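Notes follow once the structure below has been shown.
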Number of protein chains: 2
Amino acid sequence: MTTINDIAKLANVSRSTVSRHLNKNGYVSQEAQERIDKVIQETSYLPSQSAKSLRTKKTGVIGVILPKISTETASRVVDGINQMLQENDYQMLLTQTSLDKDKEIAFIKLLQSRNVDGVILLGTNTDEALVNEIQKADVPVVVLGQNMPSTTSISYPDYNATVEMITYMLENGYRDISFIGVPEDDPAVGILRKKAYIDTLKKYNLPILEERMAFGDFSIESGYDAMQTIMMHSSQPNAVFVVTDNMAVGAMQYLKENHYSIPKDIGMATTGVSRLSKYIEPVLTTIDFQNEDAGIAITRLLMEKLNGYNKTKKLTHTYRRLSGNSL
Amino acid sequence: MTTINDIAKLANVSRSTVSRHLNKNGYVSQEAQERIDKVIQETSYLPSQSAKSLRTKKTGVIGVILPKISTETASRVVDGINQMLQENDYQMLLTQTSLDKDKEIAFIKLLQSRNVDGVILLGTNTDEALVNEIQKADVPVVVLGQNMPSTTSISYPDYNATVEMITYMLENGYRDISFIGVPEDDPAVGILRKKAYIDTLKKYNLPILEERMAFGDFSIESGYDAMQTIMMHSSQPNAVFVVTDNMAVGAMQYLKENHYSIPKDIGMATTGVSRLSKYIEPVLTTIDFQNEDAGIAITRLLMEKLNGYNKTKKLTHTYRRLSGNSL
DNA sequence: TAAAAAGGTGGAATCGATTCCACAAAAGCT
DNA sequence: AGCTTTTGTGGAATCGATTCCACCTTTTTA
């Protein structure tokens, strides 16, 4: 491998001069520049990032921590993050927790030892241990998807969007709406969306029934099981709101296998549009959190921080309700 | 930030000893080990990877180059890669070309300047410039999805799987099958799958008609357009095979908008199952290339190379045909 | 025309680890 | 007891860049 020393020797200058030219700081004569450029061309020299970042404490790498990449929501967010990072000449180091909370903390540490310049966390909880770790971190950490205490973060409008959706279902005449959620470890999805469901039913003076609610763990299978639990009850609902698309898929599978037709027998709405589902029957009625944009937005906040802006910002992202024929 | 020098000082040993202990090579007394461990605990010290890799020329990072993350196929592959890398204590640096061929080459260079230990490329072409760049690389590069000349690679069984699918369609009575493909820049998808389509029709003594073929660029929109081109012709096919899932989505959208029903008016089959589509109507008949496994397999080959095995291997991945009611 | 400023360059220290080598103490062997 | 291993340790060089500083030359300015 060619190093800056080789370049210096070949171009008959000192390595300081090469470095100055490469980083465009300090003086370098026209002739020296040309000699250096020529040699760099010929040798196709690329500076070692390890050496560079050992000195400068910058790597040009951003760490991204997410629960699972192969979901539509996550991959769309990553797409957005990637776009924004590429514009700013950063690379992305991707890690996946498989929903293991300990790994979130472990990765924050690990990424720092890799000297990333910043971290983007797709949040699944706001546990104290995690908040502490973020505080301790000596690089900026920003969070998407949870309102993380004393951390710059962007939340989705979990409550409002869910209220709107449940209201929409009610206005479409459904009066017996069931709910598939997730545990309360996840404040955004587990608490807010459930609260929105309950509050809205209350507002319409409808009863809140235990047997109309079931909870999963974000997986397709758990959506299947939750739907089954609800439908096995002696009285059955005529609609269901599922808090994530992945679980909605499981729920649909159960309904399909048991010959319930959507929306004839039961109406369905969910969060996190499945791109594909727009083109297939039934077209799901969903809340679209516009994940690419969210990815871009959170990355922009991180870039701001890297450029020295260090107040903590709290934003809420936008959403759109997409109507399908699943209601 | 605490460094190995701080640890050495606090534990009353030299930094050589700390390093020896950390890397478990060479002798370190019991007492010294305990003192060091204690100090490391207290300071929550993590060695700087930049410094480490400057010396060792290893980063523990693998570069992954892919066309676009937010497709089901790519994200599932990444999932598999990630699993395997995590088992082997590697991190993943992810880059996205957005199908720009120049970027493939640029990223191979860039990743090397970042001192990645190896590169996994999800291939879209086998152009000479790319092959050359891979040859020149001073870290192992492995390729998934194309049979890349003189490079360890895993291909999908593009030809055989397509033959099987077209045959299956023929056996189900379809005699007028159209085809939505991609340009021949992509040998695997553009050439092999098309050849399989043509060969199979020939084998059944069916005519190969220009107007039954259209080509897209992997995007949803291009699938829409291709389907339109085919259906605008005076005579219409009664089935269509689409070479990628993303384009199939576009094709379905066109058919839906124009009130063709699948499979009543036109049968459809595709490659790259859409996980979701299994649960919705129509259930697509697809070739599933089991992308997670492919990701695991290609990563395993890279790991072999990193462990010194340096013969070039060529593998073909497996597949399964999944029957739906779209035919 | 002398002093000040700008342009240009190389030497040397530095970042935080690893690793070779020399050396000393303890243990194992005749 | 004397000799060879084994165990344990620290010093110093090294990886490939950046950056401060000293120094020289050329140009500008008063």
Side-chain angles (χ1 to χ4, degrees), chain A residues 1-37 39-40 43-61 89 109-117 138-139, chain B residues 1-37 39-40 43-61 89 109-117 138-139:
Chain A
M1 236 200 38
T2 64
T3 75
I4 197 173
N5 286 305
D6 304 332
I7 304 298
K9 220 159 283 170
L10 290 171
N12 251 304
V13 291
S14 74
R15 71 163 167 280
S16 324
T17 305
V18 177
S19 175
R20 251 179 276 122
H21 176 45
L22 252 42
N23 297 288
K24 304 189 200 313
N25 51 20
Y27 299 109
V28 181
S29 67
Q30 197 60 47
E31 306 90 72
Q33 297 200 20
E34 281 159 12
R35 288 206 309 279
I36 294 172
D37 283 337
V39 173
I40 288 181
T43 56
S44 66
Y45 159 76
L46 277 177
S48 150
Q49 288 295 325
S50 309
K52 187 171 182 137
S53 60
L54 174 59
R55 252 327 292 249
T56 60
K57 308 285 164 216
K58 301 247 156 291
T59 52
V61 173
D89 281 318
K109 285 189 188 151
L110 179 104
L111 287 170
Q112 288 186 76
S113 87
R114 294 222 168 268
N115 298 307
V116 297
D117 294 344
D138 38 34
V139 297
Chain B
M1 235 201 37
T2 64
T3 75
I4 197 172
N5 287 305
D6 304 331
I7 303 299
K9 220 159 284 171
L10 290 171
N12 251 305
V13 291
S14 73
R15 70 161 166 282
S16 324
T17 305
V18 177
S19 175
R20 251 179 277 122
H21 175 46
L22 252 42
N23 297 288
K24 302 187 201 314
N25 51 19
Y27 297 108
V28 181
S29 68
Q30 197 59 44
E31 305 90 72
Q33 297 200 21
E34 280 160 12
R35 286 204 311 277
I36 295 172
D37 283 337
V39 173
I40 289 181
T43 57
S44 67
Y45 160 76
L46 276 177
S48 150
Q49 289 294 325
S50 310
K52 186 172 183 138
S53 60
L54 175 57
R55 254 323 297 247
T56 61
K57 308 285 162 215
K58 302 247 155 292
T59 52
V61 173
D89 281 319
K109 284 189 191 149
L110 178 103
L111 288 171
Q112 288 185 75
S113 88
R114 293 220 169 268
N115 299 306
V116 297
D117 294 343
D138 40 32
V139 296

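Chain letters run A, B, ... following the sequence lines, proteins first and then strands; every chain starts at 1. What you see is a predicted model; the values in this text were computed from it and never measured.
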Answer yes or no: is there a side-chain heavy-atom contact under 4.5 Å between [X] and [Y]?
X: B:P47; Y: B:Y45; answer: yes
X: B:D6; Y: B:T43; answer: no
X: A:K52; Y: A:N23; answer: yes

Sugar-phosphate only, base, or nothing, as touched by B:T56 at under 4.0 Å among non-hydrogen atoms: sugar-phosphate
Sugar-phosphate only, base, or nothing, as touched by B:S16 at under 4.0 Å among non-hydrogen atoms: base
Terminal helix-axis angle for the helix from C:dT1-D:dA30 to C:dT30-D:dA1, with five pairs defining each axis and rounding to 10 degrees: 30°
Heavy-atom donor-acceptor pair, B:R20 side chain to B:Y27 backbone, under 3.5 Å: yes
B:N115 side chain to B:S53 side chain, donor-acceptor N/O pair below 3.5 angstrom: no
Nearest atoms (heavy-atom pairs only) where B:D117 meets B:V139: O-CB, 3.7 Å
Residue pair A:A51 / A:S48: nearest heavy atoms and the distance that separates them: N-OG, 3.1 Å
CA sep, side-chain torsions, deciding dist, call: B:Q112, A:L46, side chain to side chain contact (heavy atoms under 4.5 Å, CB included): CA-CA 8 Å; B:Q112 288 185 75; A:L46 277 177; 5.6 Å; no
Steps toward side-chain hydrogen bond (donor to acceptor under 3.5 Å, both in side chains) verdict (A:S16, A:S19): CA-CA 5 Å; A:S16 324; A:S19 175; over 6 Å; no
Where protein sits on nucleotides 4-9 of chain C, one letter per nucleotide: B base, S sugar-phosphate only, - none, heavy atoms under 4.0 Å: --SBBB
Test applied, side chain to side chain contact (heavy atoms under 4.5 Å, CB included); reference residue, A:V18; option that passes from A:V39, A:V13, A:N5: A:V13
Span of DNA chain D in contact with chain A (heavy atoms, under 4.0 Å): D:dG16 to D:dT19
